[in-house]
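Scroll down for the structure; my scribbles are underneath it.
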Amino acid sequence: MKKDERNWMHILGKKKVFSQLKILFMNITLIIKRVCSHRGKKNYLMIGNMKLVPTIDTVRYNYIVGALLGQGYPVLMTGPVGTGKTSTAQSVLGVLDTSKYTVLNVNMSAQTTSQNVQDAIESRVEKRTKGHYAPAGNKKMIVFLDDLNMPAKDTYGSQPPLELLRQWMDYSFWYDRLKQIRKYMENMHVMAAMGPPGGGRTVITDRLLSRFNVINMTFPDENTISRIFGMMLSQHVADFDEAVKLVGREITDTTIDLYDNVIVKMLPTPTKIHYLFNLRDISKVFQGLLRSHKDYHNDKPSLLKLWIHECFRVFCDRLIDDSDREWFMAQMGSQLGKHFELTLHSLCAKKEIPIFADFVNPWGIYEEHSDISVLRQYLDSQMLEYNVSPGVVRMDLVLFKDAIEHICRIERVISQPRGNMLLVGIGGSGRQSLTRVAAYICEYNTFQISVTRNYRVPEFKEDLKNLYATTGIDSKATTFLFNDTQITDESFLEIINNMLSSGEVANLYKPDEFEDVKGKMESAIDKAGIMRTNEAIYEFLISRVRANMHIVLCMSPIGEAFRNRLRQYPALVNCTTIDWFCEWPKEALLEVAIKYISDVNFVQTITGRKAEKRRESAVVSSQDKLREAVSHTFATIHDSVAICSKKMLLELKRHNYVTPTNYLELVDGYKNMLANKREVTSSQANKLRNGLSKIDDCKDKVTIMSLELEEAQVKVAEFQIQIDEVVVIIVSQKKEADEQQKEVTKRV
């Protein structure tokens with residue numbers, strides 16, 4: 001058949017399908033009424049941890065997509081982020097007959113290559129005849145390509161993964177990359193979704209676009225959004241007081257109004273590329289509201305405080321500068337005044353945002369903690385337990401207020417199903433340490449890779465096999481902690497992007513390795529009643545992995561790499577909750593300094609002995625005053641340098657990053673210098689002391705020797721007198737002897 005004839009038949013087939021759709025649309029109203037009649041029965045469609053309330057648009061989209069797929073026509077859903085493209089695809093795929101269909105999810109990113117797409121598809125088919133491949137079990141495989149327009153363009157302006165896809169859609173084959181022979185892919189249908197161009201997404205070619213049946217999905221109107229979220233919240237507070245029910249109805253409109261103002265004001269820029277807000281953010285706010293409890297939030301102020309907390313966690317935690325935070329604070333006050341005739345100050349004293357957590361309450365109830373000391377005491381006890389746990393690296397953290405708030409934020413997200421986080425902050429801000437504490441509070445394991453010089457994608461996949469064994473086979477809740485300093489290959493982010501969006505890692509297991517996985521999961525498979533096919537078991541494994549794995553990414557905003565990665569890998573923003581780590585406030589700097597110099601004795605003498613005449617109370621008072629004064633000096637130095645760095649950025653357009661690591665090095669440097677100086681001074685003092693001691697010893701010896709000398713001189717004088725007397729006698733006797741000798745001589 002010629003190409004032109006084939007294209008005409010393709011067009012006629014489309015017309016036939018659309019004529020059938022016109023007839024089938026007549027039944028849509030009946031379907032919608034049937035769905036909406038069950039509103040009061042909590043008859044929601046569950047996808048992940050989200051509740052999807054059926055609306056007219058979602059029923060239409062599901063019906064059209066299902067009809068097109070049923071006839072084997074490729075479908076392309078396009079629309080802004082948050083309009084439900086992926087959710088619609090998953091809902092359509094979820095109702096397919098598993099005995100006739102198998103599903104392959106492929107998540108595209110800027111680094112996706114044609115080799116990746118070809119390998120992913122070929123891994124799910126088997127050889128039938130020479131050059132012909134099809135899914136196992138005579139099934140039809142539906143390949144869902146999410147973020148279709150994300151692959152980057154090559155030197156010549158083409159997108160190789162999409163060109164490979166277009167070739168198959170035109171000719172039903174592609175080439176073996178080693179043997180250069182045709183490989184026909186049979187019984188395969190394609191469904192894709194993509195967002196509008198911009199922010200890393202490109203414009204796909206008209207040649208490829210013409211092969212799809214394009215469905216444009218738009219944002220639901222405010223009435224629809226209000227009905228969706230209002231229905232969920234009203235059913236949750238059905239047993240609450242009437243005043244709370246009224247507040248619940250108004251909260252829905254207030255949240256939508258706040259969201260509209262945020263997306264108009266907080267637009268993404270090159271330095272704020274993560275300012276991307278969509279309907280998922282509204283759902284996150286209501287996800288927090290649905291954690292309210294009748295015994296703790298049964299009045300208007302408590303429920304509004306919870307709403308304020310959730311709005312700040314969802315919208316404000318990603319804001320990077322004080323001006324944006326002040327605008328959001330003012331916007332919250334404006335919304336409270338407009339809808340509830342209240343002020344932010346009346347609900348939150350001194351405009352301090354309340355902290356909610358569920359790990360202190362023994363029943364796991366999400367409650368407010370107005371007393372920060374209670375949280376600090378609980379976290380200190382958890383830190384002690386963590387440090388004595390076997391196989392962990394001991395941590396000595398200073399839990400100042402900001403650190404406690406970050407722990408609560410991390411725990412709030414990872415304790416929820418499929419909760420993943422993106423922690424953005426400069427090095428040394430405590431992202432990894434606080435994540436370990438939060439994971440320990442949730443009773444999760446913490447998994448982290450160890451990077452070596454030759455660590456590349458094969459080694460990374462081997463580590464991921466261990467992670468999937470823990471979360472999927474052993475079904476143990478685990479936090480996967482990944483730092484941007486561990487990215488030795490940009491392909492790591494391609495893999496993590498897929499893990500965040502679908503939980504899958506392409507070609508993770510070889511056939512023999514997957515057989516081992518099946519053997520280890522036999523009891524779980526039998527208990528869950530899963531069909532013993534490779535596709536069903538693999539989907540079961542991925543579902544257990546996604547239920548037990550929580551990915552926490554730690555990234556630094558310094559440089560172009562952060563912005564490029566967020567643009568190239570959309571799941572890093574769309575599938576995570578962002579928490580921006582700001583600079584430590586001066587109060588935190590002071591607490592850290594006091595903690596680190598608590599073991600320094602500022603009143604220590606050179607000899608190490610206490611002054612005898614000073615009172616003990618005076619010594620203690622001097623010690624505290626000196627410690628506080630030195631701590632204030634450290635905090636002032638660091639804070640002043642940070643202020644000067646901001647001024648230099650404004651005037652000279654040059655960055656100077658002052659990190660918490662610099663501050664800790666300052667304190668440690670002071671302690672080391674103080675110890676060294678004390679050692680040098682003590683050594684010199686000891687030398688002087690020894691010299692003076694020697695002089696004193698010599699002086700004493702000289703005094704003794706002087707006395708002995710005086711005594712000896714007296715004795716010498718006495719001896720001299722005696723000698724003189726003896727000499728006189730000897731002289732006289734000599735004269736006599738001489739005279740006698742003369743006389744004797746004369747006689748002779």
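Bear in mind that the values here come from a model prediction, so they are computed numbers and not experimental data.
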Can a donor-acceptor pair be found between the side chains of [X] and [Y] at a distance below 3.5 Å?
| X | Y | result |
| --- | --- | --- |
| S429 | W584 | no |
| N548 | S475 | yes |
| H406 | D579 | yes |
| D463 | Y455 | yes |
| Y275 | D324 | yes |
| T636 | D639 | no |
| Q287 | E310 | no |
| T452 | N454 | no |

State, yes or no, whether a side-chain contact exists between [X] and [Y] at a heavy-atom distance under 4.5 Å.
| X | Y | result |
| --- | --- | --- |
| T478 | M549 | no |
| P557 | W580 | yes |
| I496 | F460 | yes |
| C311 | C316 | no |
| Y440 | V392 | no |
| Q432 | M395 | no |
| Y468 | L508 | yes |
| V517 | K520 | no |

Euclidean distance, [Y] [atom2] relative to [X] [atom1], rounded to 0.5 Å:
| X | Y | atom1 | atom2 | value |
| --- | --- | --- | --- | --- |
| M521 | D516 | CE | CG | 13.0 Å |
| R418 | I551 | CZ | CD1 | 11.5 Å |
| T471 | L464 | OG1 | CG | 9.5 Å |
| I407 | Q382 | CD1 | CD | 10.0 Å |
| L422 | M555 | CG | CE | 6.0 Å |
| T446 | H550 | OG1 | NE2 | 11.5 Å |

Shortest non-hydrogen separation from [X] to [Y] and the atoms involved:
| X | Y | answer |
| --- | --- | --- |
| F240 | S292 | CZ-OG, 4.1 Å |
| G428 | P660 | O-CB, 3.2 Å |
| G425 | R431 | O-NH1, 2.9 Å |
| T479 | V552 | CG2-CG2, 3.6 Å |
| C582 | R325 | SG-NH2, 2.6 Å |
| V545 | G472 | CG2-CA, 3.6 Å |

For this session: Decide side chain to side chain contact (heavy atoms under 4.5 Å, CB included) for L572 and L553; before the verdict, give the C-alpha distance in whole Å, the side-chain angles of both, and the deciding distance to 0.1 Å.
Result: CA-CA 9 Å; L572 299 185; L553 303 177; 3.4 Å; yes
For this session: Go through the steps to decide whether F482 and I449 satisfy the test side chain to side chain contact (heavy atoms under 4.5 Å, CB included), and finish with yes or no.
Result: CA-CA 8 Å; F482 187 79; I449 63 174; 3.7 Å; yes
Exercise. Checking R409 against F312: charged group under 6.0 Å from the ring centre and within 45 degrees of the axis?
Worked result: no
With a sphere of 6.0 Å drawn around [atom1] of [X], does it hold more than 12 non-hydrogen atoms of other residues, nucleotides or ligands?
| X | atom1 | answer |
| --- | --- | --- |
| K671 | NZ | yes |
| Q377 | CD | no |
| K518 | NZ | yes |

Describe, in one word, how the ring planes of [X] and [Y] are oriented to each other, choosing from parallel (under 30°), tilted (30 to 60°) and perpendicular (over 60°).
| X | Y | result |
| --- | --- | --- |
| F315 | Y259 | tilted |
| Y663 | F634 | perpendicular |
| F447 | F480 | tilted |

Problem set entry | Partner of L674 by side-chain contact (heavy atoms from CB on, under 4.5 Å), out of I597, V630, V600 | V600
Within the distance-only criterion (no hydrogens, no angle test), does the side chain of [X] pair as donor or acceptor with the backbone N or O of [Y] below 3.5 angstrom?
| X | Y | value |
| --- | --- | --- |
| E513 | K510 | yes |
| S682 | E679 | no |
| H236 | M232 | no |

Does this structure show an ion pair linking [X] with [Y], if we count only N-O contacts that are shorter than 4.0 Å?
| X | Y | value |
| --- | --- | --- |
| K625 | E628 | no |
| E459 | R456 | no |
| K305 | D299 | no |
| K272 | D321 | yes |
| E560 | R563 | yes |

In a table with atom names and distances, give each donor-acceptor pair under 3.5 Å that connects a side chain of residues 497-505 to protein atoms at least two apart or in another chain.
residue: N497; atom: OD1; partner: A571; partner atom: N; Å: 3.1
residue: N498; atom: ND2; partner: E494; partner atom: O; Å: 3.4
residue: S501; atom: OG; partner: N107; partner atom: OD1; Å: 3.1
residue: S501; atom: OG; partner: N107; partner atom: ND2; Å: 3.3
residue: S501; atom: OG; partner: N497; partner atom: O; Å: 3.0
residue: S501; atom: OG; partner: N498; partner atom: O; Å: 3.3
residue: S502; atom: OG; partner: N107; partner atom: ND2; Å: 2.8
residue: S502; atom: OG; partner: N498; partner atom: O; Å: 3.0
residue: S502; atom: OG; partner: E504; partner atom: N; Å: 3.4

Problem set entry | Working for side chain to side chain contact (heavy atoms under 4.5 Å, CB included), residues F359 and C408 | CA-CA 9 Å; F359 52 82; C408 294; 3.8 Å; yes
Exercise. Under the criterion side-chain hydrogen bond (donor to acceptor under 3.5 Å, both in side chains), which of R565, Q111, Q568 is the partner of E490?
Worked result: R565
For this session: Go through the steps to decide whether F400 and I404 satisfy the test side chain to side chain contact (heavy atoms under 4.5 Å, CB included), and finish with yes or no.
Result: CA-CA 6 Å; F400 49 86; I404 294 174; over 6 Å; no
Exercise. Less than 6.0 Å separating the ring centroids of Y366 and Y296?
Worked result: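 Y366 vs Y296: aromatic centres not under 6.0 Å.
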Problem set entry | Ring centroid separation H369 to F356 under 6.0 Å |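 So the answer is no for these two rings.
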Problem set entry | Qualifying side chain to side chain donor-acceptor pair (under 3.5 Å) pairs, either residue in residues 385-404, two or more places apart | none
Problem set entry | Pair D526-S523, side-chain hydrogen bond (donor to acceptor under 3.5 Å, both in side chains): steps then yes or no | CA-CA 5 Å; D526 294 337; S523 59; over 6 Å; no
